[in-house]
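First up is the structure itself, then whatever we jot down about it.
Quick note: numbers below take in every heavy atom, side chains included, and nothing from hydrogens, waters or symmetry partners. The model shown is predicted, which means the values in this text are computed figures rather than measured ones.
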Amino acid sequence: MKPRPSPNIWHTPEVYEVENRAADPHGRIVAAMQELGDWSGRTMLDVGCGTGFHLPQWAESAAQVIGAEPHPPLVSLARRRTKRLKNVTVVKGMAESLPVRDASVDVVHARWAYFFGPGSEPGLRELDRVVRRGGTAFVIDNDPTRSTFGRWFGRGYPEVDAAAVEQFWSSHGWSRREIDMGWSFTSREALEAVVRIELPPAVAEAALAEHTGTEVDYAVNLWWRHF
């Protein structure tokens, strides 16, 4: 099985890096994750870790961190980023076929790696396999029903049915926490570059024409499940 290409980070990892630095400036996603399933002293798996942006953060308190990424160039970047971190390992692998032993991880983080629910069943079966009893998995996805970016996203990807997505996760035993994370960029040029990799061209230009400044209110859903 071939991985589904990610149109933003695969083609423009340097711009996606800018996006990662701008996202969630107040740390609300991580705070919610720690409340629901802290990884301190435990084994944490980051599915679709990309360039490894979040791996050093997990490594600060986790006993072991595993980053799984299907795209070889991003695997190389993630390994380079974490080469001095003794408790981090980066492996090439897809969500549908994780190169991780059965019942070997305590906490899973997947940010924009499960593509909005329906169709993610093979990846969820892998989570059932690799997460230990007492562990927690987190999936972060866009919420197209709220916020400025949510409105833009809804215009750009009208095929994403928010009600169907919620039904999917709920039917698989997951819970939702709504988080207003926001984007805060250091320049207008940075914001424009990121919007253009996240939205179809016409939608991106319309969004930029109607929005001023370097900040965007941005809502996400944190889906989570205890095992």
Side-chain angles (χ1 to χ4, degrees), residues 2-34 37-101 104-115 123 126-127 130-131 136-142 181-187 189-191 193-194 196-198 218 220 222:
K2 292 184 178 181
R4 174 178 174 176
S6 180
N8 44 27
I9 191 171
W10 279 31
H11 303 303
T12 53
E14 70 288 349
V15 180
Y16 202 80
E17 187 80 6
V18 173
E19 179 175 354
N20 272 326
R21 291 198 298 267
D24 196 16
H26 303 293
R28 291 169 180 159
I29 293 174
V30 171
M33 289 171 55
Q34 286 179 315
D38 192 10
W39 48 93
S40 298
R42 307 172 83 190
T43 298
M44 186 164 187
L45 170 66
D46 193 325
V47 178
C49 70
T51 63
F53 182 86
H54 296 99
L55 301 182
Q57 183 175 20
W58 314 141
E60 290 176 3
S61 58
Q64 181 184 11
V65 177
I66 304 165
E69 168 58 45
H71 192 45
L74 299 183
V75 172
S76 297
L77 290 172
R79 286 174 175 166
R80 187 183 313 163
R81 173 175 243 137
T82 59
K83 64 182 179 181
R84 292 186 175 86
L85 300 177
K86 302 301 183 184
N87 61 336
V88 176
T89 303
V90 179
V91 296
K92 181 180 180 295
M94 298 189 298
E96 300 89 342
S97 181
L98 293 165
V100 177
R101 299 190 313 276
S104 61
V105 301
D106 301 295
V107 179
V108 177
H109 166 265
R111 193 172 300 208
W112 295 293
Y114 276 78
F115 296 100
E126 275 292 82
L127 296 185
V130 305
V131 180
T136 305
F138 299 102
V139 169
I140 297 136
D141 267 343
N142 290 313
M181 67 159 197
W183 268 345
S184 181
F185 294 91
T186 57
S187 69
E189 291 75 17
L191 182 151
V194 169
R196 288 180 175 124
I197 69 166
E198 290 295 349
Y218 190 145
V220 300
L222 174 66

Q: Apply salt bridge (Lys or Arg N to Asp or Glu O under 4.0 Å) to D106 and list each qualifying residue two or more places apart in sequence or on a separate chain.
A: R132
(Q) Nearest 0.5 angstrom please: R21 CZ to T186 OG1, how far? (A) 7.5 Å
Q | Between NZ on residue K92 and NE2 on residue H71, distance to nearest 0.5 Å | A | 10.0 Å
Q.
Nearest 0.5 Å, please: how far is CG in L222 from CZ in R111?
A. 9.0 Å
**Q.** Nearest heavy atoms of E126 and L98, plus distance in Å
**A.** OE2-N, 2.7 Å
Q. Which value, rounded to the nearest 0.5 Å, describes the distance between Q64 atom CD and L45 atom CG?
A. 10.0 Å
Q) Rounded to the nearest 0.5 Å, how far does CG of N87 lie from OG1 of T43? A) 10.0 Å
Q | Heavy-atom closest pair, residues A95 and V47 | A | CB-CG1, 3.8 Å
Q | Least distance between heavy atoms, L55 atom then G67 atom | A | CD2-CA, 4.1 Å
Q.
Looking at every heavy atom in both G52 and A78, which two are closest together, and how far apart are they?
A. N-CB, 3.7 Å
Q: Could I get the full list of side-chain contact (heavy atoms from CB on, under 4.5 Å) partners for E19, not counting sequence neighbours?
A: Y16, W183, V194, I197, E198
Q: Tell me, with the steps shown, if M181 and I140 meet side-chain contact (heavy atoms from CB on, under 4.5 Å).
A: CA-CA 11 Å; M181 67 159 197; I140 297 136; over 6 Å; no
Q: Rounded to the nearest 0.5 Å, what's the gap from CG on L191 to CZ on R196? Could you check?
A: 9.5 Å
**Q.** side-chain contact (heavy atoms from CB on, under 4.5 Å) involving S104 - partner list, sequence neighbours excluded
**A.** V100, R101
(Q) Show me the pairs that pass side-chain hydrogen bond (donor to acceptor under 3.5 Å, both in side chains) and involve residues 75-86, at least two apart or across chains. (A) E17-R81, T51-R81
**Q.** With Q57 via side-chain contact (heavy atoms from CB on, under 4.5 Å) - residues at least two apart
**A.** V30, H54
Q.
Treating R28 as the side-chain partner and D24 as the backbone partner, does any N or O pair qualify as donor plus acceptor under 3.5 Å?
A. no
Q. Do any N or O atoms from the side chain of N20 and from the backbone of F53 form a donor-acceptor pair under 3.5 angstrom?
A. no
Q) Any chance the side chains of N142 and Y218 put a donor and an acceptor closer than 3.5 Å? A) yes
Q: Would you check, one step at a time, whether the test side-chain contact (heavy atoms from CB on, under 4.5 Å) holds for D141 with W112?
A: CA-CA 5 Å; D141 267 343; W112 295 293; 4.0 Å; yes
Q: Taking all non-hydrogen atoms of both residues into account, name the closest pair between A62 and M44 and its distance.
A: CB-CB, 4.5 Å
Q.
If you compare all heavy atoms of P25 against all heavy atoms of S184, which two are closest, and at what distance to 0.1 Å?
A. CG-CB, 3.9 Å
Q | Contacts of type ring-ring contact (aromatic ring centres under 6.0 Å, His included), residue W39, not counting sequence neighbours | A | W58
